[in-house]
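If you're wondering where the values come from, they're calculated on a predicted model, not measured in any experiment. Below, chain A is the first sequence line, B the second, and so on; all start at residue 1.
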Number of protein chains: 2
Amino acid sequence: MIKVLIVDDQSIIRDGLEAILTTDPEITVCGHACNGLEALKLCKEHAPDVVLMDISMPEMDGIEATKAIRKRWKKTQVLVLSMYNNHEFVNELMDAGASGYVLKNTGRLELKEAITAVANGHRYLAKPVQATLEESQQAMVGSNGGERYHSLTKREKEIVKLIVKERTTVEIADVLSLSTGTIETHRKNIFHKLDVRNAAGLVKYAMERGWELT
Amino acid sequence: MIKVLIVDDQSIIRDGLEAILTTDPEITVCGHACNGLEALKLCKEHAPDVVLMDISMPEMDGIEATKAIRKRWKKTQVLVLSMYNNHEFVNELMDAGASGYVLKNTGRLELKEAITAVANGHRYLAKPVQATLEESQQAMVGSNGGERYHSLTKREKEIVKLIVKERTTVEIADVLSLSTGTIETHRKNIFHKLDVRNAAGLVKYAMERGWELT
DNA sequence: CAAAAAATACCTGTTTACCGGTATTTTTGG
DNA sequence: CCAAAAATACCGGTAAACAGGTATTTTTTG
C-alpha cells in the first residue's frame with residue numbers, strides 16, 4: 001500500500017484527488033493539507049510514502065515545502081502536481097528534491113502511474129515537463145542555479161497587492177501615507193528579490209504562486 | 001436523477017469532480033468538456049440539467065459559454081465553480097444567466113448542495129460570493145453594467161503574451177519587426193478593450209481567465 | 001466588389017517606471 | 001541590550017509607459 005498525502009489549497013480539488021486515488025487498491029490517502037506548513041505537520045504525523053504537492057498556496061508554497069520535507073524525511077517522495085509548465089518551476093522543484101512533476105491537465109491514469117513510479121524510487125516527469133526541462137538546460141549551461149527566492153516583508157507584500165490592483169507609485173504612497181520615494185524603494189527591493197523586471201512580471205509571479213491578493 | 005455536465009480545462013479536476021459527484025445517487029455525470037465550445041456541443045447532445053462551469057479556459061471562457069447556454073437551452077442551469085471571488089466575475093456571470101456560484105475551496109458537501117439547489121430552480125451563492133455581490137452593488141448603484149468584454153485580435157493576443165513575458169514596447173517591436181508606434185497603438189487598444197489601466201492589470205486579467213500565455 | 005475590421009505607423013505631450021546609489025529611523029529577535 | 005532586519009526617505013538620471021489623437025495600408029468578410 002502506498003500512503004499518499006494530498007497538498008492543495010483548494011478543498012474541492014483535494015476531495016477530487018482523494019476520490020480518484022481511493023479507487024486504486026494500491027493507494028491509500030492518509031491526509032489533506034491546504035498549505036506547506038500543514039503539510040509538514042502531517043508528514044511528521046503520518047510519514048507518507050508520497051506527497052502529492054501543488055505549488056500555488058498561501059502561507060508556505062510548494063517549493064519551500066518540498067525542500068523542507070526532503071530534508072527531514074528522506075523516505076518521503078514528493079510528486080508535484082501543477083498547472084504550470086515553466087522552466088523556473090520545474091528547475092526549482094527538481095532542485096528542491098521533488099521526484100516527479102505532472103500537470104493538472106493529465107488524466108487519472110497518468111497520475112496513478114506517476115504515484116507508483118515515485119513510490120518505487122523512480123523519477124517521473126510528464127512528457128511536456130521533460131521537454132521544458134531539456135529546453136531550459138540548453139539555455140542554462142552552467143548558470144547560477146540557486147536560491148532565487150526570498151520571502152517578502154509584510155510591507156512589501158502589502159505593496160504587491162496594490163500593484164496587482166493597478167495602483168501607481170503615487171497612489172500607493174497616498175493610500176499608505178508614505179512618500180513616493182519609499183514606495184519606489186520597496187518596488188525596487190521587491191523586483192530584485194523576486195528577480196522580475198517590471199510590474200507585469202511581478203503580477204505573473206504572484207498569481208502563479210497563488211498568493212493572497214485580496 | 002440530475003444530469004451534470006462538467007466543464008473545466010484541467011482534466012485531473014474534471015476526473016476529480018466526476019469521482020466526487022458519482023458517489024451521490026441523485027447525480028449522474030453525462031459528460032466532460034475542456035472549454036466553452038465543447039460545452040455547447042455537449043449541451044446539444046445531452047441536454048444536461050446542470051452545467052458545472054469553470055471560468056478560466058482557452059478557446060471560449062466560462063462567461064461567454066454561460067451566455068450561449070442560457071440563451072439556447074433555457075432548462076439547463078449553470079453553476080459556476082471558480083477559484084476567484086471578485087465582483088467583476090460574479091456580476092458578469094450572474095448577468096450572463098448563471099444560477100449559482102461556488103468557490104473551489106468549498107467542500108464536496110456544499111458542492112452537492114449547490115447542484116441540487118440549482119437543479120430545482122433555486123439560486124445558490126456561496127457565502128463569500130454573496131458578500132462580494134452585495135459589496136459591489138453598493139458601489140455600483142446604477143453604473144454601466146454591460147458588455148465590458150471584447151475579444152482581442154490575433155495580433156493583440158500575440159502582444160499580450162509578450163507583455164506577460166516582461167517584454168517592453170521596444171523589445172516587442174524588435175521581435176515582431178514592427179515600429180514601436182504600432183506596438184503602442186496595440187497596447188492602447190488592448191487596455192481599452194479589457195478596461196485595464198496598465199500592464200499589471202492586463203496580466204491579472206489574462207491569468208484570471210486562464211488564457212494561453214505560452 | 002465594397003465595407004468593415006485589423007494591422008500598420010506617426011505625433012505631441014505628461015507621467016510613471018525603473019536603475020543605481022545613499023542614508024536615517026524604527027522594529028525585531030537573540 | 002545590541003545587532004540585524006525592516007521601513008522609511010531622497011537624489012539624479014534614462015527609459016518606458018500612458019493618453020489623446022490621426023491616418024494609411026492590408027486583410028477579411030458579407
Side-chain angles (χ1 to χ4, degrees), chain A residues 37 58-60 64 68 144 147-207 211-213, chain B residues 37 59-60 64 144 147-207 211-213:
Chain A
L37 287 177
E59 299 302 324
M60 182 193 275
E64 286 182 284
N144 53 23
E147 288 303 310
R148 207 184 38 47
Y149 182 84
H150 308 76
S151 75
L152 301 185
T153 67
K154 209 181 288 180
R155 196 52 138 180
E156 287 167 343
K157 284 177 182 167
E158 205 174 351
I159 289 166
V160 169
K161 287 180 192 171
L162 291 165
I163 293 174
V164 174
K165 288 199 173 77
E166 308 186 283
R167 305 283 164 234
T168 66
T169 298
V170 181
E171 290 168 348
I172 294 172
D174 207 50
V175 170
L176 302 181
S177 302
L178 295 171
S179 84
T180 59
T182 303
I183 308 301
E184 283 192 358
T185 302
H186 283 309
R187 285 182 78 116
K188 267 184 292 194
N189 292 336
I190 291 166
F191 290 174
H192 279 134
K193 282 186 181 179
L194 304 183
D195 193 26
V196 298
R197 292 177 63 189
N198 51 37
L202 169 63
V203 174
K204 187 187 170 208
Y205 190 99
M207 291 193 72
W211 289 8
E212 286 291 340
L213 298 168
Chain B
L37 287 176
E59 300 301 324
M60 182 192 275
E64 287 182 282
N144 54 21
E147 287 305 308
R148 205 181 42 46
Y149 183 85
H150 308 75
S151 77
L152 302 185
T153 67
K154 209 181 288 181
R155 196 51 136 181
E156 286 168 343
K157 283 177 183 169
E158 206 175 349
I159 288 166
V160 169
K161 287 180 193 172
L162 291 165
I163 293 174
V164 173
K165 287 200 176 76
E166 308 186 281
R167 305 282 164 233
T168 66
T169 298
V170 181
E171 290 169 348
I172 294 172
D174 207 50
V175 170
L176 302 180
S177 301
L178 295 171
S179 83
T180 59
T182 304
I183 308 301
E184 282 193 356
T185 302
H186 283 310
R187 284 183 77 116
K188 267 185 292 195
N189 293 336
I190 292 166
F191 289 175
H192 280 134
K193 282 185 182 179
L194 305 183
D195 193 26
V196 298
R197 292 177 63 190
N198 51 37
L202 169 63
V203 175
K204 187 186 169 209
Y205 190 99
M207 291 193 72
W211 289 8
E212 284 290 341
L213 298 168

side-chain contact (heavy atoms from CB on, under 4.5 Å) test vs A/I159 passes for just one of A/T182, A/T169, A/L176, namely A/L176

Hey, is A/K161 close enough to A/E158 for a salt bridge, meaning N to O under 4.0 Å? no

Charged N to carboxylate O below 4.0 Å: is that the case for A/E171 and B/R197? yes

Heavy-atom contacts under 4.0 Å between residues 167-189 of chain B and DNA chain D, which residues? B/T168, B/T169, B/V170, B/E184, B/R187, B/K188

Once rounded to the nearest 0.5 Å, what's the spacing between atom CD of B/E156 and atom CG of B/L194? 8.5 Å

Any side-chain heavy-atom pair of B/L213 and A/K204 under 4.5 Å: no

Residues A/L152, A/W211; criterion side-chain contact (heavy atoms from CB on, under 4.5 Å); working and verdict: CA-CA 12 Å; A/L152 301 185; A/W211 289 8; 3.9 Å; yes

Rounded distance [0.5 Å steps], CD1 in B/I183 versus CG in B/L178: 5.0 Å

Strand-adjacent residues in residues 154-166 of chain A, judged by heavy atoms under 4.0 Å from DNA chain D: A/K154, A/R155

Close side-chain approach of A/V170 and A/D174, heavy atoms under 4.5 Å: no

Is the shortest distance from a Lys or Arg side-chain nitrogen in A/E184 or A/R187 to a carboxylate oxygen in the other one below 4.0 Å? no

Assess the residue pair B/T153 and B/K193 against the criterion (side-chain contact (heavy atoms from CB on, under 4.5 Å)); give the C-alpha distance rounded to whole Å, side-chain angles, the decisive distance to 0.1 Å, and a yes or no. CA-CA 11 Å; B/T153 67; B/K193 282 185 182 179; 4.0 Å; yes

Range on DNA chain D touched by chain B - first to last nucleotide, heavy-atom distance under 4.0 Å: D/dA16 to D/dG21

